[in-house]
Number of protein chains: 2
Amino acid sequence: MLNEFDLFKDFLRQQNLRWTPQRKMILEVFLSFEGHVEIESLKNKIRLHQPDLGIATLYRTLKLLTDCGLVEAHSFQNGKKTYERMFHVRHHDHLICTCCGETIEFEHPLIEKYQLQICEQYGFTLKNHKMELFGICRNCLK
Amino acid sequence: MLNEFDLFKDFLRQQNLRWTPQRKMILEVFLSFEGHVEIESLKNKIRLHQPDLGIATLYRTLKLLTDCGLVEAHSFQNGKKTYERMFHVRHHDHLICTCCGETIEFEHPLIEKYQLQICEQYGFTLKNHKMELFGICRNCLK
DNA sequence: TCTATATTGATAACCGTTATCAATTTAAAA
DNA sequence: TTTTAAATTGATAACGGTTATCAATATAGA
Ligand SMILES: [Mn+2]
Ligand SMILES: [Mn+2]
Ligand SMILES: [Zn+2]
Ligand SMILES: [Zn+2]
């Protein structure tokens, strides 16, 4: 059964890149998170085990993981990127609370279908999409 | 018949802010563009008439226009914001060509409806949303 | 082991945007 | 009109997340 480590190793080999302790550690710690992770959180947790990991290596590795499709990078409102596991995770979109920052994931097959129809209508080849609904979550309304 | 100038003036008065030649010029030049405008484009065109306009004033005024609802700010892929006229313009979403940067505007009533349904389901109060479909446009396919 | 080359960490640079601040302008009151 | 308090302006420094640079080091195949 393939897992993220094997896929990442294969990707690196195909690109003539190398499997290193830093890359292994970063992937391990990344997978220990749920949902959307910020660089800052990754850095803090990784440095418990490997205090001298350079921030550039972290960014570079996240870039590689994104390139090989294991991770998706989001750029939400505040300028910071977040990273999300993509392997064996269904596509979904996001509700984002502008008050507390919480994100709720959802999917709606008909919306996806209509998106494709629209692209067809304009002769547009869809590669990916982003749908983000901003508002106030249930908790913040109380 | 109300226009953007009147609305902006009213907004400023309500907030105890002032109607200045710079703000008038910026709005005029902004309205002379179609579609999505970058700060850079605005700056260049404005400086033909008013070479000493400060970049900070431009950002500040766009912020005010956004706050009063006449303008919408987008943050697409490349880190730069673009600004779009909102007054007497129907809500719409965007197809964005990752090759040439062209944007195509579309609307789909059913998608809008399903978005509201989803929010209802999660007890989420929708304030606004962003739907961007990334891909290759008709021209870039040739 | 040897060797070419990929990787690393430190840190400078980048770049769009925002904050700071003294000089100036606005608009309402006197 | 003059006065006055407060908003505005332009120059420029600062910000902050991210990326580029580079010399030292690690990797992996020959
Ligand atoms: Mn979707
Ligand atoms: Mn829409
Ligand atoms: Zn919330
Ligand atoms: Zn195109």
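Residue numbers begin at 1 in each chain, while the letters A, B, ... track the order of the sequences.
Remark: A:Gln117 CD is packed, more than 12 non-hydrogen atoms of other residues, nucleotides or ligands lying under 6.0 Å away. Shown here is A:Glu28, whose CD atom has more than 12 heavy atoms of other residues, nucleotides or ligands within 6.0 Å. Around the CD atom of B:Gln50, the shell of radius 6.0 Å holds more than 12 heavy atoms that belong to other residues, nucleotides or ligands.
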Notebook entry, point to check: Taking it one step at a time, do A:His92 and A:His108 satisfy ring pair (Phe, Tyr, Trp, His ring centres under 6.0 Å)?
Noted result: CA-CA 8 Å; A:His92 57 262; A:His108 197 299; over 10 Å; no
Check: Should B:Thr98 and A:Lys127 be marked as a side-chain hydrogen bond (donor to acceptor under 3.5 Å, both in side chains) after you check the CA-CA gap, both sets of side-chain angles, and the distance that decides it?
Finding: CA-CA 9 Å; B:Thr98 54; A:Lys127 295 297 185 188; over 6 Å; no
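Between the side chains of B:His88 and B:Glu4, no donor-acceptor pair of N or O atoms lies under 3.5 Å. Side-chain polar atoms of B:His74 and B:Glu84 form a donor-acceptor pair below 3.5 angstrom.
When DNA chain D is scanned in the 5' to 3' direction for atoms under 4.0 Å from non-hydrogen atoms of chain B, the outermost contacting nucleotides are D:dA6 to D:dA11.
Taking atom CD1 on B:Ile55 and atom C1' on C:dC15, their separation rounds to 12 Å, with Å as the unit. In this entry the distance linking NZ of B:Lys80 with P of C:dC14 reads 16 Å, nearest Å. In this structure, B:Leu64 atom CG and C:dT18 atom C1' are separated by 14 Å, rounded to whole Å.
The shortest side-chain heavy-atom distance between A:Lys80 and A:Ile39 does not fall under the 4.5 Å cut-off.
Shown for residues 3-27 of chain B: residues whose heavy atoms fall under 4.0 angstrom of DNA chain D, namely B:Asn16, B:Leu17, B:Arg18, B:Thr20, B:Gln22, B:Arg23.
Between B:Tyr59 and A:Leu58, the residue anchored closer to the 5' end of DNA chain C is A:Leu58, taking for each the nucleotide with the nearest heavy atom.
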